[in-house]
Amino acid sequence: MILITQDLMASDEGVARAAAILRAGGLVAMPTETVYGLAGDARNGTAVAQIFAAKARPTFNPLIAHVTGLEMAETLAVFDDRARAVAAALWPGALTLVLPLRSDAGLSPLVTAGLSTVAIRCPAHPVAQALLRAFGGPLAAPSANPSGRVSPTRADHVRAGLTGRIDAVLDGGPCTVGVESTILGLDGAPTLLRPGGVPLEALEAMLGPICMGGDAHKPNAPGQLASHYAPEAGVRLAVTAPQADEVWVGFGPGCKGAALSLSPGGDLIEAAAALFQTLRDADALAGPGGRIAFAPVPESGLGRAINDRLRRAAAPRN
Ligand code: TXA
Ligand code: MG
């Protein structure tokens, strides 16, 4: 079915219309500080099924439930003191917690892909918060891109990928963090399931050592499939001497002759915010069958999330 995708401004009226669409079981792309999310009513199985259909996402890959705050989160998952302390310190923000699902959570089983845990995030973006409050319940929201492709950090990216497949795009401007949330498993020993917008170092400072989890090759251990964030062009990593036919994307001051740069000054926060737009720009420059080469990015702070996304962009395609 082809839908007419409405463009909504992030005004009170735009948010009210978006909430009405969600209450009617429709899908709205909403801005968050990490990436745009494709939101639907997490308690409505038909709406959640339509999220999977719009993205062509495998249904064994569960979704994140977005909430207004800890109070709503505690209706969905079992929080212990440790989870409460982490949420109090880092919510709202770019952190998703995986916790035991409450039996009375009321979520569509499609959200959790039938698992006994649920992923929950309280986003900091004021428009996401306004929409969650206007809607008044949990919103399931994966990144608003066709499955496997580059995540959207601007409303235009959403339109390019999903026009005709969703009901509306709520335009909240460019995302400031630029990479998806960090996913922390807290249903046992603290486990990093996905590096993201909250650096691992910040979690270690609160929780001590954190296990490294997430197995990209075992899709229903969720996490992600190895090939993801894939542009059209081929991608090569940690390149200090690009080949003549490659579009070289620099990082830091040493990359003379690079066509593009994630951050000329070598700032990881700036690089994360620029990552997905730069991947799109490089893809356009490379052209059909072209190749992109990324300069090395340090594996610390937000560099961990940037390198994770770049490794998946470079992974062999299915
Ligand atoms: O920043 C973000 O997290 C964005 C914005 C929109 O909030 N959302 C996002 O959603 O990145 P998505 O669907 O692209 O990624 C969600 C990840 C998937 O890798 C999924 O496997 C994992 O969360 N996940 C969901 N539920 C899980 C669970 N119960 N256990 C382990 N991983 C889970
Ligand atoms: Mg995604």
Side-chain angles (χ1 to χ4, degrees), residues 27-40 42 48 51-52 54-67 76-78 91-101 105 107-125 127-129 131-132 138-153 157-158 161-162 170 172 175-188 191-198 213-216 218-230 272 275-276 305 308-309 312-313:
L27 304 187
V28 175
M30 68 169 174
T32 86
E33 72 275 27
T34 58
V35 300
Y36 275 73
L38 180 55
V48 178
I51 294 177
F52 282 93
K55 282 181 58 91
R57 178 182 174 110
T59 49
F60 54 71
N61 194 6
L63 305 179
I64 297 172
H66 293 70
V67 296
L76 306 178
V78 182
W91 277 358
L95 178 71
T96 294
L97 298 178
V98 171
L99 294 165
L101 175 68
L107 296 176
S108 159
L110 276 172
V111 173
T112 53
L115 297 169
S116 58
T117 54
V118 59
I120 307 182
R121 173 160 107 86
C122 172
H125 197 296
V127 177
Q129 276 290 336
L131 182 60
L132 280 160
L139 290 173
S143 51
N145 52 291
S147 186
R149 311 311 302 222
V150 179
S151 297
T153 50
H157 301 166
V158 179
L162 296 176
L170 186 54
C175 303
T176 53
V177 175
V179 289
E180 294 86 343
S181 60
T182 300
I183 305 184
L184 178 69
L186 280 182
D187 54 329
T191 304
L192 185 74
L193 298 171
R194 177 177 74 183
V198 168
D215 183 344
K218 248 197 270 159
N220 64 352
Q224 292 162 327
L225 309 172
S227 172
H228 210 91
Y229 310 99
L275 178 66
F276 292 133
D308 170 79
R309 307 308 186 264
R312 293 174 199 280

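Keep in mind it's a predicted model, so treat the numbers as computed, not measured. Whatever order the structure lists ligands and atoms in, that order sets their numbers, starting from 1.
Near A119, the atoms of ligand 1 lying under 4.0 angstrom from a non-hydrogen atom of the residue are 25 (C), 26 (N), 27 (C). The ligand atoms of ligand 1 that sit less than 4.0 angstrom from a heavy atom of G37 are 6 (C). Atoms of ligand 1 found under 4.0 Å from any heavy atom of I183 (numbered from 1 in listed order, with element): 17 (C), 22 (C), 23 (O). Distances below 4.0 Å separate heavy atoms of N61 from the following atoms of ligand 1: 18 (C), 20 (C), 21 (O).
Among the atoms of R121, some N or O lies under 3.5 angstrom from an N or O of ligand 1.
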Checklist line | side chain to side chain donor-acceptor pair (under 3.5 Å) evaluation trace for R121 with T32 | finding: CA-CA 11 Å; R121 173 160 107 86; T32 86; 2.9 Å; yes
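Heavy-atom distances between H66 and ligand 1 reach below 4.0 Å in at least one pair. In this structure, T112 falls outside the shell of residues with a heavy atom less than 4.0 angstrom from ligand 1.
Contacts of T117 with ligand 1, taken as heavy-atom pairs under 4.0 Å, involve both backbone and side chain. Contacts between R57 and ligand 1, counted as non-hydrogen atom pairs separated by less than 4.0 Å, involve the side chain only. In A141, the part holding a heavy atom less than 4.0 Å from any atom of ligand 1 is the backbone.
The residue among S151, S181, P62, G93 with a heavy atom at the shortest distance from atom 26 (N) of ligand 1 is P62. Ranked by closest heavy atom to atom 15 (O) of ligand 1, the top entry among E180, H228, R194 is R194.
Among the atoms of S143, an N, O or S atom falls under 2.8 Å from the Mg ion (ligand 2).
At distances below 3.5 Å, at least one donor-acceptor pair connects side-chain atoms of T182 with backbone N or O atoms of G196.
In this structure, a donor-acceptor pair under 3.5 Å is absent between the side chains of E180 and S143.
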